2 protein chains.
Amino acid sequence: MIDKAIQAITEPRRRDILHLVRDGELTSSAIASHFDVSAPAISQHLKVLEEAGLVVVRRAGTKRFYGIRREGFAELMQYMESFWDDSLLRLKEAAEEEERKQNDANSKHRHD
Amino acid sequence: MIDKAIQAITEPRRRDILHLVRDGELTSSAIASHFDVSAPAISQHLKVLEEAGLVVVRRAGTKRFYGIRREGFAELMQYMESFWDDSLLRLKEAAEEEERKQNDANSKHRHD
DNA sequence: CACTTAATTAAGTGTATGCTAAATTAATAA
DNA sequence: TTATTAATTTAGCATACACTTAATTAAGTG
């Protein structure tokens with residue numbers, strides 16, 4: 001699922017769609033009106049986002065309202081954070097180690 | 001550049017490569033040895049990651065050592081955070097609003 | 001029922017992309 | 001210089017995917 005979610009946010013158009021619906025539900029056609037592509041194209045993007053667990057549909061008559069799915073969003077964010085936080089932690093440690101070495105080297109050369 | 005970075009981490013194999021090099025520099029062949037694909041395939045992935053500003057190369061003789069590029073990583077992380085943090089903030093607000101409504105409705109029905 | 005509205009599914013197209021084997025570059029060693 | 005090692009670039013292939021138009025489904029409405 002997490003792979004699907006990452007795959008889903010790959011496509012710039014789908015990130016745009018997520019930005020559109022994150023403030024509240026929108027119908028497929030309302031979303032489509034923001035773009036220069038056909039309604040089916042948007043419908044296909046919405047399907048991908050839904051299968052990735054990032055949006056949910058609420059049916060009301062002939063309309064379908066799309067909105068953010070919190071759990072999916074949270075899961076994706078957690079993955080991202082664990083990925084980058086771990087990396088940054090290690091980079092921070094590496095940077096500090098580097099600085100230590102630098103200081104050692106300097107103190108050997110300095111004679112004040 | 002940020003679009004290229006997102007595009008770059010789309011591919012699962014490239015995320016795996018990033019995981020491999022985030023603890024320290026590795027040569028192209030050392031990276032390739034972890035996977036079932038050919039060396040050229042890895043080389044091409046590394047090129048994508050380099051052009052996205054996520055890794056850097058250090059040449060030493062015939063070898064090329066690949067490592068994480070901090071600035072690129074930080075930039076990508078910032079973008080991700082701003083995307084998701086904004087979203088989560090709005091979702092949190094929406095949830096609180098929802099709860100308020102729920103409470104109002106309950107207090108009208110309750111007669112204790 | 002026929003008609004409208006909202007949206008999706010289906011079929012087909014062009015392009016991007018991940019992969020391979022073969023050729024090429026680059027640095028070093030004999 | 002010739003050979004070796006490390007890696008990349010090239011050319012070609014197969015698949016994935018974003019898009020289009022046309023057809024179809026689904027829910028109301030006259």
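Since the structure is predicted, the reported quantities are computational estimates derived from the model, not experimental observations. Letters A, B, ... mirror the listed sequences (proteins, then strands); counts begin at 1.
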Please give, in whole Å, the distance from [N] [atom2] to [X] [atom1]?
X: Leu26(B); N: dA7(D); atom1: CG; atom2: C1'; result: 15 Å
X: Leu46(B); N: dC19(C); atom1: CG; atom2: C1'; result: 15 Å
X: Ile17(A); N: dC19(D); atom1: CD1; atom2: C1'; result: 13 Å
X: Glu11(B); N: dT17(C); atom1: CD; atom2: P; result: 11 Å
X: Asp36(A); N: dA18(D); atom1: CG; atom2: P; result: 17 Å
X: Ile9(B); N: dG18(C); atom1: CD1; atom2: P; result: 13 Å
X: Ile31(B); N: dT8(D); atom1: CD1; atom2: C1'; result: 14 Å
X: Glu51(B); N: dT8(D); atom1: CD; atom2: C1'; result: 13 Å

Please tell me which of the listed nucleotides, [options], lies nearest to the side chain of [X]?
X: Lys63(A); options: dT8(C), dA7(C), dA26(C); answer: dA7(C)
X: Pro40(B); options: dT5(D), dT20(D), dT20(C); answer: dT20(C)
X: Ser43(A); options: dT9(D), dA7(C), dA27(C); answer: dA7(C)
X: Ser38(A); options: dT21(D), dG18(C), dA26(C); answer: dT21(D)
X: Ser28(B); options: dA10(C), dC19(C), dA7(D); answer: dA7(D)
X: Thr27(A); options: dA26(D), dA7(C), dC19(D); answer: dA7(C)
X: Lys47(B); options: dT9(D), dA7(D), dA27(D); answer: dT9(D)
X: Gln44(B); options: dT9(C), dA11(D), dA26(C); answer: dA11(D)
X: Arg59(A); options: dA26(D), dC17(D), dT28(C); answer: dA26(D)
X: Arg13(B); options: dC19(C), dA7(D), dC19(D); answer: dC19(C)

### Message
Using a heavy-atom cut-off of 4.0 Å across all strands, would you classify Glu50(B) as base, sugar-phosphate, or nothing?
### Response
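The answer is nothing, as Glu50(B) stays clear of every strand by at least 4.0 Å.
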### Task
Have a look at Phe35(B) and say if it touches a base, only the backbone sugar-phosphate, or nothing, with a 4.0 Å heavy-atom cut-off.
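It contacts nothing in the nucleic acid.
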Any [X] side-chain nitrogen or oxygen under 4.0 Å from OP1 or OP2 of [N]:
X: Arg14(A); N: dA18(D); answer: yes
X: Tyr66(B); N: dT8(D); answer: yes
X: Ser29(A); N: dA6(C); answer: no
X: His45(B); N: dC19(C); answer: yes
X: Gln7(A); N: dC17(D); answer: yes

Rounded at 0.5 Å granularity, tell me how far [atom1] in [X] sits from [atom2] in [Y].
X: Ile17(B); Y: Ile68(B); atom1: CD1; atom2: CD1; result: 11.0 Å
X: Glu11(A); Y: Thr10(B); atom1: CD; atom2: OG1; result: 9.5 Å
X: Ser29(B); Y: Lys63(B); atom1: OG; atom2: NZ; result: 7.0 Å

### Query
For DNA chain D, whose closest nucleotide is more 5', that of Ala39(B) or that of Val48(A)?
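Closest to the 5' end, via its nearest nucleotide, is Ala39(B).
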#### Entry: Residue whose closest nucleotide on DNA chain D lies nearer the 5' end, Gly61(A) versus Ile42(A)
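Per heavy-atom nearest nucleotide, the more 5' residue is Ile42(A).
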### Query
Partner of dG30(D) by Watson-Crick or G-U wobble geometry, both contacts under 3.5 Å, or none?
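With both distances under 3.5 Å, dG30(D) matches dC1(C).
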#### Entry: Check against side chain to side chain donor-acceptor pair (under 3.5 Å), Arg14(B) and His45(B)
CA-CA 6 Å; Arg14(B) 285 197 287 266; His45(B) 281 312; 3.1 Å; yes
### Query
Is the number of heavy atoms from other residues, nucleotides or ligands within 6.0 Å of CD (Glu51(B)) greater than 12?
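Yes, CD of Glu51(B) has more than 12 neighbouring heavy atoms, counting only those of other groups under 6.0 Å.
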### Task
Go through the structure and list residues passing side-chain hydrogen bond (donor to acceptor under 3.5 Å, both in side chains) with Arg58(B), not counting sequence neighbours.
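Testing Arg58(B) for side-chain hydrogen bond (donor to acceptor under 3.5 Å, both in side chains), a comparison that skips the adjacent residues, returns Glu25(B).
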### Task
Step by step, work out the salt bridge (Lys or Arg N to Asp or Glu O under 4.0 Å) result for Arg15(B) and Asp3(A).
CA-CA 11 Å; Arg15(B) 291 203 301 279; Asp3(A) 259 17; 2.9 Å; yes
